[in-house]
Structure formats: C-alpha cells, structure tokens
Amino acid sequence: MKSIITTLQALFLRYTQEIFSNESLTLHDIQITEINANFKGDYTLVLFALSKKLKQSPQQIADLLITTLSKPNYDHIFESFELVQGFLNFKLQASYLWKLFNKDYYNVYIYEHNFIEKSTQPKLICLEYSSPNTNKPLHLGHLRNNFLGMALCNILEKIGHTVVKTCIVNDRGIHICKSMLAWQLYGNNETPQSTGLKGDHFVGNYYVKFNEEYQKQIQILLAEGASKPDAEKNAPILLQAQNLLKKWEDNDHETLRIWEKMNNWVLDGFKETYLRIGSKFDKTYFESKIYKLGKNIIKQGLQDNILYQDINGAVCIDLTQEKLDNKVLQRADGTAIYITQDLALADLKYQDIKKENQQEIDQSIYVVGNEQNHHFEVLKHVCIKLQIKGSQNIYHLSYGMVELPTGKMKSREGTVVDADNLIDDLVSLAKNKTLELNKGFKEDQVDNLAEILGIASIKFFLLRMDPKNKMVFNPEESLDFKGFTAAFIQYTYVRIRSLLEKNNFDNDYKNKPCAVGYYNILENASVRNLLKKIFLYNDKMSLAATMYNPAILAQYIYDLCQLFNSFYNEVQIKHENDIDNTKTFLLMLSFITKEIIYDSVTTLGITLPNEM
RNA sequence: GGUCUGGUAGCUCAGUUGGAUAGAGCAACAGCCUUCUAAGCUGUGGGUCAUUGGUUCGAAUCCAAUCCAGAUCACCA
C-alpha cells in the first residue's frame, strides 16, 4: 500500500500540471512534508522549488492552487489551506482520511495480510554477518553485528529480495593456537563438562590465561635487560604458540586432534547463544577449510601478471592507481593471510549461491565493524583486479564500535561486556521487574516472559541507533524498561491486545463494514496523528531497506507506540458511541496499529509477548 | 603525517534528497490509577547544533579552514 506522502505528491503533480499547463513538472518539484507542529493542518506543500520552475511567486502559485482546488469539480479532499511564507499548509477532509484507512489499509490488510509493497526489482543478496573467532566467547560488539545482520535480512526480505545469510567462522590462526597452548600447559585435561562451563567461555578463559602468562614472561625478560620489542617477540610462550601454528599447518595429527576438540567446544557454545538470540545462517564457511583455496586464485593472478612477487617472494598487488598502497596477498613463506581467505570466500560464495539459485548475485553485503573499512576497500579493489565474479557488487556495511563509558572494550584488559552474561543480566532484571509489578503470573510464565523481555531490550537498544555511528553502552543506564525501549513497545502491544479482547473486537467489529461515518472523531488530534503515522509505515520500511538502517524502523515503531498510548489515554473506546461507526473505526485503528507493531517488531528480530 | 568517521540538552541518541520557532528518552521537578494493563499519559525547566568564514529566498544539513575525539594506514585478524 502506498504511503500518503507519495499519494499526495502524485495528486499535486497532476493538479499543478493541469492548473499551470506545464507538462515538464516532475515529482521532484512537488515537495510534500508532514506539517510542522507549530502550524495548523496535516501536510505542507513547500512552494520554493515549484516557484523557481514556474517562474511565479509562491503567493501567486498558492492563490491559483487554492481557488482551483476549492472548486466543486475537483477532488473533494481538502478541507482548508493556509499559506505561510512559501509553505502551503493544508488540512485533509476527514472523510478522505477515513476512506483511505478503510480501503487502502484495513481492507487490504484483512485480505492480503501484508502492509509492505514489494520491490519491482527483487534482488538476490548475499549477506555475511557474525564472523566469530573460535578462541573466545561472543561480546557486545558481536551482538550488535548479529542483530544488525538479522534485522537487515528481514527488512530486505520484507521488501521482496531474496537473502542468503552466510557466516564465516575464523577458526584457524595464531589466536586459536594461543588458547590451545594455554589449555595444553595449564588445562590439566579439564573439559567444559568437568568444569560445568559453557564451551566458548571455557576456551576463552585459556585465551586470557595465555595473555596473562605472556605478560608475565615479558616482564621477566624486561627485568633481565631485554628491550621491549625483543621481549614481546621472544617470550617463550609466544614462540611455543608460533610453533604450534606451524604444526597445525603441517597437519600434525595430535595438534589437529586437540584443535578439533577445542573448536567443537567453542562452536557448541556459539550454537547455544545463536539459538537464544535467534541468529540463523543459510551457509556457514570455515576459514580452516577454505584458506588454501585463496592460494589458487593468487597463483592464477601471478600467471595473468595481475600480481607480482617482491624480492622476498611475497605475492603483492599494485593498488597505486586506486590511490592505495601495494598490498601483500600471500606471505613470502607461501602461507595465507587474512585477505587470502577473503578472496577465496568471495569467489566461493558467488559460485555456491549462483549454483543453488540459478541466478547471479546482485549484491554481496558484509556486516563488519568500521575498524575494517580499509581492509574492505582493499578487498573490493583486489577482487575487481583479479576479475572475481560479483566483485562490483561487494558492499561493506560498516558499523561503529560499541564503547563503554570508560572507553574502548579490550579483551586483554578484561573490559569486554560478555554477550551471554549481559543477556543473563537483562533477563534477570526483567524477571525482578515482572515480580515487582506483581501481575499474578505463574513461575514458568515469569521465566518465559523475562527471557523475551530481556533479549528484546538488548536487541532494541543496539538496533535503535544508526549503525554507522559508534555508540556508548552504559550498563547501569542502558538497562531500563521505560522510555525508548523494547519493553515500551511490547507493553503497548499487549495493551492493544487486551483492549481488543475486552471490547470483543474479533467477534463484534472485525468484519463490520465501516466505510462511512460521521468523522467527528478525526478532529481529535491524538486519533488523527495516530492515523497519519500509520500511513507512513510503508515509507519507513522501504527507507530502512535502501539505507540499510534498521534504526529508521525502530524509531518509527517507537513513534507509533507513543502516539497510540497518547490516544489510549485520551479516548475511552469502550465509552464511544457506535451509531456513527466511531467505535468500530477506533477499534480497527487499534487493530491495525497492533498489526503494524507486530509486523515491524518481528522484522527487527524481536519477539512480542502476549501479555506482560 | 595520510585517509576515513564523528562533534546536536547534564547523559544516551534522532533530525530522510537544504525548509518554518532544532526533537525524543534518561536524569530533575509537578500532576493523572474505584473506569479498556500506570512497564503508561500530561506538563515544566534544560541548546551559541565544536569554532570561523562562504554558497542562497532559506544551513544542524552543502563548501573551505581551524580545534577536538575515534578508527585505520601489517608478510595480525
């Protein structure tokens, strides 16, 4: 269903073309905005662009428009006009709003069960997100990544695109060897089972242990008179870890056995968290399985003279024409680095998805933090130069870091906010709050509800902000259940459910014809504002999709809920008269609000309770 | 040093191709529950949109310079 702004734009385009006999006018010249709260009316036609194009003053244009549109042979949809310094404010007829709601929203929804217009150009999109390392548990930054990825996927699908969700698991490399080594040295054959720890936390503890020992050894070397860089490079435990990496790459049986065992512990832990937060993937790739493929691409690149070897034998690419430096793609000793496997993955994803969908990928989105902006710029250029298919359609959706009030999160200094712990904290906060409000739920109901509310609260908190900006997370202040939060929205939702139920909506009103009324109720500002906000849903969804920004949707939902609550407090539906269909209309309005909340909140990946 | 982000209320954030007197939430203060769920609603206070200049009917938004903060510029990931 079309948004009201678009509808009005089209209408005014027709009007102006007719009235000013000017066929060259386009939609671009018709600037319609929601009215500024300080003025009277519903919407505003901003006349400056039109004035320039028509070479007439805003006053002249407005005069002619008003006199013509007020004539009875024109669409009878305007109630009044007011011109204020180039802004033509107008109020719509209540009957028009009523009809619009009934025909374009209510009935369409009842029949089609959908609010959103599909894109006329559906795309096949590959969306990569999450990308965990298997040496430590997920933290708050990963949560932002996961929530963004899921929400974006849902938004794009809502618009009608096909999205293939992929995940690359970074399960090899020196960082993995560090936790492995620490476990070998200090683990005493303990396991997640024997300690009762979640697998990823269990392994993460050894990663921390490694760094502690590493720091100790550096201090010892420094005390013995070594320079700082030497100490950092020669600490025995680091040399051991490097040695372990070499053994891993040489397929040392025992090393691989331990690696696989520890990796599975971590992956089991991730699985649990992903299930809890609702992250799903269509395809999961493992770096350990694909990193070697990159070497073939590099070999081919050398043969084609796109790449070159420097004096030490490292394979490089010249990106000076792209205003970037020369970039190494493979070490002098022939081993792979980060970008080597990214090349392989880009190629692999393209081939796999094309094969499965019998269709070219239109876009490949990577949800990765903005610390890697440079890396992805380089990656895209390298892919293009190496003529990897689909390279032109690579898009890095870069999101800002999550910081604490004290500054950056640093794993080594223990200042990370652990994902699992955070979720537990929020769930338990939600539980306390629920118990405090004492609404008479049974114990398992309380636990269920707390799980829904706790997870929703962190999701909404992370999604309501523009992805590209960094954000500050204050544990004390952020974890609230009032104001601009998920709980507020969930509360509004259950409140509407209850309202509809108490008023017997499903049986007595849902299918009642209600095309005509006396419309007095639309003079109530809270009713009118809610209705106008409903008319914007489609617009906001498609904007969120084109901008890759779930925050637009989050903000919209919040506004909608706030308007509903104002309306709810002002109008007592059960006391309204239904002789003129007013009560039916208000219940339908509430119903559509509820359905939009459900539709949009679900799209963000957030669960709604039925009561709270 | 180069490149890229950002700087809006005490704090956390909106502000959609330049539009009218810059908006929310939190925090503070004052009200509203025998009436459809008060996790709600209503109101008050709080701003040199980092600074300076420019572009024009009009600038938080575009341009330039300066200041501040962050990221990045690895044969790390």
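Chain letters run A, B, ... following the sequence lines, proteins first, then strands; residues in each count from 1.
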**Student:** Say you pick atom P in B:A22 and the same atom in B:U44; how far apart are they, in whole Å?
**Tutor:**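 Nearest-Å result for B:A22 against B:U44 at atom P: 16 Å.
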**Student:** Would you say the base of B:A38 and the side-chain of A:Asn565 have a donor-acceptor pair closer than 3.5 Å?
**Tutor:**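 A donor-acceptor contact between them is absent.
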**Student:** If pairing requires Watson-Crick or G-U wobble contacts with both distances under 3.5 Å, which nucleotide is the partner of B:C62?
**Tutor:**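 Per the H-bond distance test, B:G54.
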**Student:** With distance as the sole criterion, do the side chain of A:Asn503 and the base of B:C36 form a donor-acceptor contact below 3.5 Å?
**Tutor:**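 Check passes, donor-acceptor contact within cut-off.
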**Student:** Quick check on B:A38: is either OP1 or OP2 less than 4.0 Å from any side-chain nitrogen or oxygen of A:Arg495?
**Tutor:**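 It does, given that an N or O in the side chain of A:Arg495 lies less than 4.0 Å from OP1 or OP2 of B:A38.
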**Student:** So if I take every side-chain heavy atom of A:Asp480 and compare against B:C26, B:C36, B:A14, which nucleotide ends up nearest?
**Tutor:**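 For the A:Asp480 side chain, the nearest candidate turns out to be B:C26.
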**Student:** Nearest to the A:Leu499 side chain among B:C36, B:U17, B:U12, which nucleotide is it?
**Tutor:**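 The nucleotide sitting nearest to the side chain is B:C36.
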**Student:** Decide yes or no, distance alone: a donor-acceptor N/O pair under 3.5 angstrom between the base of B:C75 and the side-chain of A:Asp310.
**Tutor:**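 Answer yes: a donor N or O sits under 3.5 Å from an acceptor.
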**Student:** When both hydrogen-bonding distances must be under 3.5 Å and the geometry is Watson-Crick or G-U wobble, what is B:U37 paired with, if anything?
**Tutor:**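 None - no nucleotide pairs with B:U37, as no candidate has both distances under 3.5 Å.
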**Student:** May I ask you to evaluate whether A:Lys439 reaches the phosphate of B:A39, defined as a side-chain N or O under 4.0 Å from OP1 or OP2?
**Tutor:**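 Indeed, a polar side-chain atom of A:Lys439 lies that close.
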**Student:** With a 3.5 Å cut-off and no angle check, do the side chains of A:Asn326 and A:Tyr308 form a donor-acceptor pair?
**Tutor:**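 There is such a pair (donor and acceptor under 3.5 Å, judged by atom type) between the side chains of A:Asn326 and A:Tyr308.
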**Student:** P atom, B:U37 versus B:G46: distance in rounded Å?
**Tutor:**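 So the two P atoms sit 38 Å from each other.
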**Student:** Could you measure between the two P atoms, the one in B:G18 and the one in B:U61, and give it in whole Å?
**Tutor:**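 Their P atoms lie roughly 12 Å apart.
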**Student:** Distance between the C1' atoms of B:A28 and B:A9, in whole angstroms?
**Tutor:**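 These two C1' atoms come out 13 Å apart once rounded.
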**Student:** Counting just side-chain N and O atoms, does A:Lys502 come under 4.0 Å of either OP1 or OP2 of B:U37?
**Tutor:**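 It does, given that an N or O in the side chain of A:Lys502 lies less than 4.0 Å from OP1 or OP2 of B:U37.
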**Student:** Is the A:Trp259 ring parallel, tilted or perpendicular to the A:Trp248 ring (thresholds 30°, 60°)?
**Tutor:**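 Ring orientation of A:Trp259 relative to A:Trp248: perpendicular.
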**Student:** Hey, is the side chain of A:Tyr491 poking within less than 4.0 Å of OP1 or OP2 on B:A39, counting only N and O atoms?
**Tutor:**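 Yes, A:Tyr491 has a side-chain N/O under 4.0 Å of OP1/OP2 on B:A39.
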**Student:** I'd like to check, for A:Phe488, whether its ring lies over the base of B:A39 with centroids under 5.5 Å apart and a plane angle smaller than 30°.
**Tutor:**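 No, the aromatic ring of A:Phe488 does not stack with the base.
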**Student:** Using atom C1' in both nucleotides, what's the gap between B:G47 and B:U8 to the nearest angstrom?
**Tutor:**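 So the two C1' atoms sit 8 Å from each other.
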**Student:** Could you check which of B:C4, B:G40, B:U16 has an atom nearest any side-chain atom of A:Asn373?
**Tutor:**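 For the A:Asn373 side chain, the nearest candidate turns out to be B:C4.
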**Student:** Go through the side-chain N and O atoms of A:Asn370 and A:Tyr399 and say whether any donor and acceptor fall under 3.5 Å apart.
**Tutor:**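 Note: A:Asn370 and A:Tyr399 side chains miss the donor-acceptor criterion.
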**Student:** With a 3.5 angstrom cut-off on both distances, give the Watson-Crick or G-U wobble partner of B:A30, or none if there isn't one.
**Tutor:**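 B:A30 is paired, partner B:U42.
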**Student:** Check this one for me: any side-chain N or O of A:Thr44 less than 4.0 Å away from OP1 or OP2 of B:G19?
**Tutor:**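 The answer is no; no side-chain N or O of A:Thr44 sits under 4.0 Å from OP1 or OP2.
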**Student:** Indicate whether the side chain of A:His375 and that of A:Asp342 have a donor and an acceptor atom separated by less than 3.5 Å.
**Tutor:**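 Present: a donor and an acceptor within the cut-off.
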**Student:** Contact class for A:Met612 (heavy atom, under 4.0 Å): base, sugar-phosphate, or nothing?
**Tutor:**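 It contacts base atoms.
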**Student:** May I ask you to evaluate whether A:Arg464 reaches the phosphate of B:A24, defined as a side-chain N or O under 4.0 Å from OP1 or OP2?
**Tutor:**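 For B:A24, OP1/OP2 do not have a side-chain N/O of A:Arg464 under 4.0 Å.
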**Student:** Using side chain to side chain donor-acceptor pair (under 3.5 Å) as the criterion, list what pairs up with A:Asn577, not counting sequence neighbours.
**Tutor:**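 With neighbours one apart ignored, the set is empty.
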**Student:** Given that both distances must come in under 3.5 Å, which nucleotide forms a Watson-Crick or G-U wobble pair with B:A24?
**Tutor:**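 Its partner is B:U12.
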**Student:** Please determine, for the side chain of A:Gln562, which listed nucleotide (B:C75, B:G25, B:G70) has the closest atom?
**Tutor:**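 Within the option list, the nearest is B:G25.
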**Student:** Which is it for B:C33, anti or syn, if anything within 90° of zero counts as syn?
**Tutor:**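 Syn.
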**Student:** B:A74 pairs with which nucleotide, Watson-Crick or G-U wobble, both distances below 3.5 Å?
**Tutor:**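 Here B:A74 is not engaged in any pair, so there is no nucleotide opposite it.
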**Student:** With respect to the phosphate group of B:A14, does any side-chain polar atom (N or O) of A:Asn469 fall under 4.0 Å of OP1 or OP2?
**Tutor:**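 For B:A14, OP1 or OP2 has a side-chain N or O of A:Asn469 closer than 4.0 Å.
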**Student:** Can you tell me the pairing partner of B:C67 across any strand shown, Watson-Crick or G-U wobble, with both distances under 3.5 angstrom?
**Tutor:**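 WC or wobble partner is B:G7.
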**Student:** Between A:Leu437 and A:Thr33, just flag the one whose closest nucleotide in RNA chain B comes earlier from the 5' side.
**Tutor:**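 First, find each residue's nearest nucleotide; the 5'-ward one identifies A:Thr33.
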**Student:** Using a 5.5 Å cut-off between ring centres and planes within 30 degrees, is A:Phe48 stacked on the base of B:G19?
**Tutor:**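 Per 5.5 Å and 30° rule: yes, stacked.
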**Student:** Is the shortest side-chain N/O distance from A:Gln555 to OP1 or OP2 of B:U16 below 4.0 Å?
**Tutor:**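 No, because none of the side-chain N or O atoms of A:Gln555 sits under 4.0 Å from OP1 or OP2 of B:U16.
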**Student:** Output yes if the stacking criterion (under 5.5 Å between centres, under 30° between planes) is met for A:Phe87 over the base of B:A20, else no.
**Tutor:**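 It does: the two rings, one from A:Phe87 and one from B:A20, meet the stacking criterion.
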**Student:** For the residue pair A:Asn133 and A:Asn135, confirm or rule out a side-chain donor-acceptor distance under 3.5 Å.
**Tutor:**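 No.
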**Student:** Do the non-hydrogen side-chain atoms of A:Arg331 and A:Ile337 ever get within less than 4.5 Å of each other?
**Tutor:**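 Counting from C-beta outward, A:Arg331 and A:Ile337 do come under 4.5 Å.
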**Student:** B:A27 phosphate, OP1 or OP2: any side-chain N/O from A:Lys482 under 4.0 angstrom?
**Tutor:**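 Answer yes for this pair, as a side-chain N or O of A:Lys482 is under 4.0 Å from OP1 or OP2.
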**Student:** Nearest to the side chain of A:Arg172, which nucleotide is it out of B:A77, B:G70, B:C4?
**Tutor:**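 Looking only at heavy atoms from C-beta outward on A:Arg172, the closest nucleotide is B:A77.
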**Student:** May I ask you to decide if A:Thr320's main-chain N or O and A:Asp318's side chain share a donor-acceptor pair within less than 3.5 Å?
**Tutor:**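 Side chain of A:Asp318 to backbone of A:Thr320: a pair is present.
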**Student:** Under 4.0 Å, heavy atoms only, any strand: does A:Val571 hit a base, just the sugar-phosphate, or nothing?
**Tutor:**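 Here A:Val571 touches the bases of the nucleic acid.
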